[in-house]
Amino acid sequence: MREKIREAFDSVHAEPELKAAARQAVARRAARRHRPIRRLGIALAAAACAVVLAGGWLYATPTVQISIDINPSLELGINRFDRVISVEGWNDDGTALAQTVNVTHLSYTDAVETILASEPVETLLAENGVVEIGVIGTDTDRCARMLENVRACTREQQNAHCYQADLDQLAQAHGCGLSYGKYRAYLELAALDPAITPEAVQDMTMREIRERIAALSGQTLPAAADDSAAAAAEPTEDGLQQKTPGHHGAGHHGDD
């Protein structure tokens, strides 16, 4: 196009200065025509970048924590799309398990099932271990729905206890070096044994903690899979738990 314009001007008998001025005028007019298009393109590109960045931030931001405790203690960070975006171990066994299982970007239900089916957890459950799984977040309705789905994942586990909690004690738990679930059990045990420390319970299995709580409260934690004392704890507003007899096995899933 530019070549044709140049040839047209070359065929006109005019002074060189006049030809140059005319060429510049045509070029300026063409630039003005294309400027709005360039500006629109820049605006669209900026908007697209903003959407990508916002979407990335939303995906990478945890809105719910799922605490899984048996002896490996770990927490899953769940984003608003119900995907696992972080896995953090809160004791040596939990750290080892977090490095072994590949659950990042899975749905939280698939992640829970994968962890329960992992060799160390499956072995402990086969030996009558107690697993406690908590859904922790500020959106009560969403957490309640998630809790039901987690319970469905543990339906075949007789010694599984699922619960729902708020985020208010999460920072305190982490400050003690404990997962939320282990900290929750620690508070209950500390109410009966003030000498107990977070460090003492960090590597205890949940069954060991529950057995100690049962003994101190005058109950017995049976060795059978349908025992009743370990899951007899109902959460209260202060984060501790009250014992109610005969609430374990299949009924254990009903705690929240």
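This is a predicted model, so every value here is computed, not measured.
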Is the backbone of A200 close enough, under 3.5 Å, to the side chain of T197 for a donor and an acceptor to pair up by distance?
yes
Residues R207, E211: salt bridge by 4.0 Å N-O rule:
yes
In this structure, CG of D166 is separated from CD1 of I136 (nearest 0.5 Å) by 10.0 Å
Minimum side-chain heavy-atom gap D203-D93 below 4.5 Å
no
Quick one: which residue pairs count as a salt bridge (charged side-chain N to carboxylate O under 4.0 Å, His left out) with a foot in residues 115-130, not counting sequence neighbours?
none
Closest heavy-atom contact between R212 and I196?
NH1-CD1, 3.5 Å
Tell me whether R210 is salt-bridged to E188, with the criterion being a basic N under 4.0 Å from an acidic carboxylate O.
yes
Keeping to residues at least two apart or across chains, list the salt bridge (charged side-chain N to carboxylate O under 4.0 Å, His left out) pairs with something in residues 76-88.
D82-R142
Cationic N near anionic O, under 4.0 Å, R145 to E148
no
Side-chain donor/acceptor of Q65 to backbone N/O of E75, under 3.5 Å:
no
Name all residues meeting the side chain to side chain contact (heavy atoms under 4.5 Å, CB included) criterion together with D110; count only those two or more places apart in sequence or in a different chain, and write none if there are none.
L106, S107, E113
Looking at CH2 of W90 and NZ of K182, how far apart are the two atoms once the value is rounded to the nearest 0.5 Å?
12.5 Å
